[in-house]
S.K.: 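So that we are looking at the same thing, I have put the structure below in C-alpha cells.
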Amino acid sequence: MQELLVALDVNSRDQALWLADRLRGTVGGFKIGSRLFTTEGPSLVAALADRGDRIFLDLKYHDIPTVVAEAVRAAGRLGTWMLTVHTAGGQAMLSAAAEAAGGLERPPHVVGVTVLTSFDEAELNRVGVSRALGEQVESLAALAVASGLDGIVASPRELGPLRQRLGPGPLIVTPGIRGGAAGVSGGDDQRRTLGPAEALDAGASYLVVGRPIIAAADPLAAAQTIAAACQTGGR
Ligand code: C5P
C-alpha cells in the first residue's frame, strides 16, 4: 500500500528498526519527525533509506532561504524521499527549498505545512493573523504550490477544499486518519479525523498514520487492516 506512510513516533533506533522490519512491504514508507530525529539523528534516516525504505523527514524547516536550501540538500543526500517545510517561511524560502531539492541527483518531494493542527482561530490571532483559519490554510497552500513545492500537508478537515483549489497535480499528505469503518481505533488528540478510504476519496495522495499502527498490540495486523480499508471506496 504505497499511499500509507507510518509515523515512527518512537524514542529509539531499536524501536524504529523493529517497526520498519515488520511493516516493510505492507506500507509505503516511514515518517521520521523531530522526536526520533533529535534522539537518533541522521544515521537512522540513512540506515532505513539504505534498506530501501521511503523516508518522509518531517522536520518542518523554517529559516532563512539559504539555511533551508542547505538543510534540504543535506536531507536529500541522506536518501530522504519526502520532507516538510513551513509555508509561513515565505515565497523566497519555499522557492529556495524547491530549487535545492530539484538540483539533487534524487530530488526529494518537498511539501509544505500550513497551519498546525494544534491551532484554532484564537491562537492564529495571537500570532497576528486575523483572517479565518480556513482562508489562512488555503492561501498558504496556494503560495506553496506557486513557489514550486510538490504539495502540502493537510488535515482531513481541509482536504476537500484544498484539493478543489489546487487541482489534481499537487501532492496532499494527510495525517489524522482514524475511523470505525476502517477498523482503526481512535480516542486521542487528533481533533479532525477521516477514515483511510474517505481521505483518499477526498483527494489525499498519501496518508500518515502513527499510533493506530505503532501503538497496536500487533502493528503489522493493524497496518494490514488499514491497507485493506484503503482498497474500499472504489479503488
Ligand atoms: O495521530 P497519529 O499518531 O496517527 O499521528 C500521526 C502524525 O500526525 C504525527 O506524527 C503528527 O505529525 C501528526 N499529528 C497531527 N495532529 C495531531 C497529532 C498528530 O497533525 N493532533
Side-chain angles (χ1 to χ4, degrees), residues 1 3-12 15-16 19-20 23 26-40 44-45 48 53-62 80-88 109-120 123-124 133-134 136-137 140-141 151-159 162 171-200 202 204-227 229-230:
M1 177 70 204
E3 293 88 349
L4 176 59
L5 308 177
V6 175
L8 296 178
D9 292 330
V10 293
N11 285 325
S12 76
Q15 284 174 291
L19 280 165
L23 299 172
T26 300
V27 305
F30 300 106
K31 180 169 88 76
I32 294 180
S34 49
R35 172 180 171 186
L36 183 59
F37 189 82
T38 303
T39 315
E40 296 293 356
L44 176 63
V45 177
L48 288 171
D53 294 330
R54 298 197 303 190
I55 299 302
F56 174 21
L57 191 59
D58 183 23
L59 299 181
K60 301 184 179 67
Y61 297 135
H62 187 174
T80 298
W81 161 76
M82 179 149 69
L83 59 88
T84 47
V85 295
H86 259 291
T87 52
H109 296 303
V110 182
V111 294
V113 173
T114 59
V115 179
L116 297 173
T117 57
S118 50
F119 269 63
D120 57 16
E123 186 75 323
L124 206 55
L133 197 147
Q136 177 71 354
V137 168
L140 287 173
I152 51 147
V153 179
S155 84
R157 182 186 290 175
E158 298 133 8
L159 187 50
L162 280 175
L171 298 175
I172 303 184
V173 180
T174 303
I177 303 302
R178 297 291 188 277
V184 185
S185 61
D188 52 41
D189 61 355
Q190 288 283 9
R191 292 188 195 165
R192 315 192 282 263
T193 63
L194 270 187
E198 293 170 282
L200 291 171
S205 315
Y206 292 100
L207 311 178
V208 176
V209 181
R211 289 160 293 181
I213 293 176
I214 66 169
D218 183 344
L220 177 59
Q224 285 167 335
T225 303
I226 296 171
C230 292

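Positions are given from 1, in the same order as the sequence printed here. Being a predicted model, the structure only gives us computed values, none of them experimental. Atoms within a ligand are numbered from 1 in the order they appear, just like the ligands themselves.
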S.K.: Over all heavy atoms of both residues, which pair between L159 and A204 is shortest? Give the atoms and the distance, please.
M.R.: CD1-N, 3.7 Å
S.K.: Taking ring-ring contact (aromatic ring centres under 6.0 Å, His included) as the test, write out the residues that go with Y206, two or more places apart.
M.R.: W81
S.K.: Just which atoms of ligand 1 are under 4.0 Å from any heavy atom in P175?
M.R.: 8 (O), 13 (C), 20 (O)
S.K.: Closest by any non-hydrogen atom to atom 20 (O) of ligand 1: pick that one out of V153, I213, T117.
M.R.: T117
S.K.: Going by distance only, is there an N or O of K31 that falls short of 3.5 Å from an N or O of ligand 1?
M.R.: yes
S.K.: Find all atoms of ligand 1 within a distance of less than 4.0 Å from any non-hydrogen atom belonging to P212, and give their numbers and elements.
M.R.: 4 (O)
S.K.: Any sub-3.5 Å donor-acceptor pair from T193's side-chain atoms to I177's backbone N or O?
M.R.: no
S.K.: Looking at side-chain heavy atoms only, is the closest gap between E40 and I32 below 4.5 Å?
M.R.: no
S.K.: Please find the pair of heavy atoms, one from A227 and one from L4, that lie closest to each other, and give the distance.
M.R.: N-CD2, 4.2 Å
S.K.: Which atom names give the shortest non-hydrogen contact between V10 and I214, and what distance separates them?
M.R.: CG1-CD1, 4.2 Å
S.K.: Between R178 and ligand 1, find which residue part has any heavy-atom pair under 4.0 Å and reply side chain, backbone, both or neither.
M.R.: side chain
S.K.: Under 4.0 Å from any heavy atom of V209, which atoms of ligand 1 are there?
M.R.: 4 (O)
S.K.: Which option out of L36, D189, D9 puts a heavy atom nearest to atom 10 (O) of ligand 1?
M.R.: D9
S.K.: Consider every N or O of G210 and every N or O of ligand 1, then say whether any pair is closer than 3.5 Å.
M.R.: yes
S.K.: If the condition is side-chain hydrogen bond (donor to acceptor under 3.5 Å, both in side chains), which residues does Q224 pass it with, not counting sequence neighbours?
M.R.: none
S.K.: Near R211, which atoms of ligand 1 are under 4.0 Å from a heavy atom of that residue?
M.R.: 1 (O), 2 (P), 3 (O), 4 (O), 18 (C)
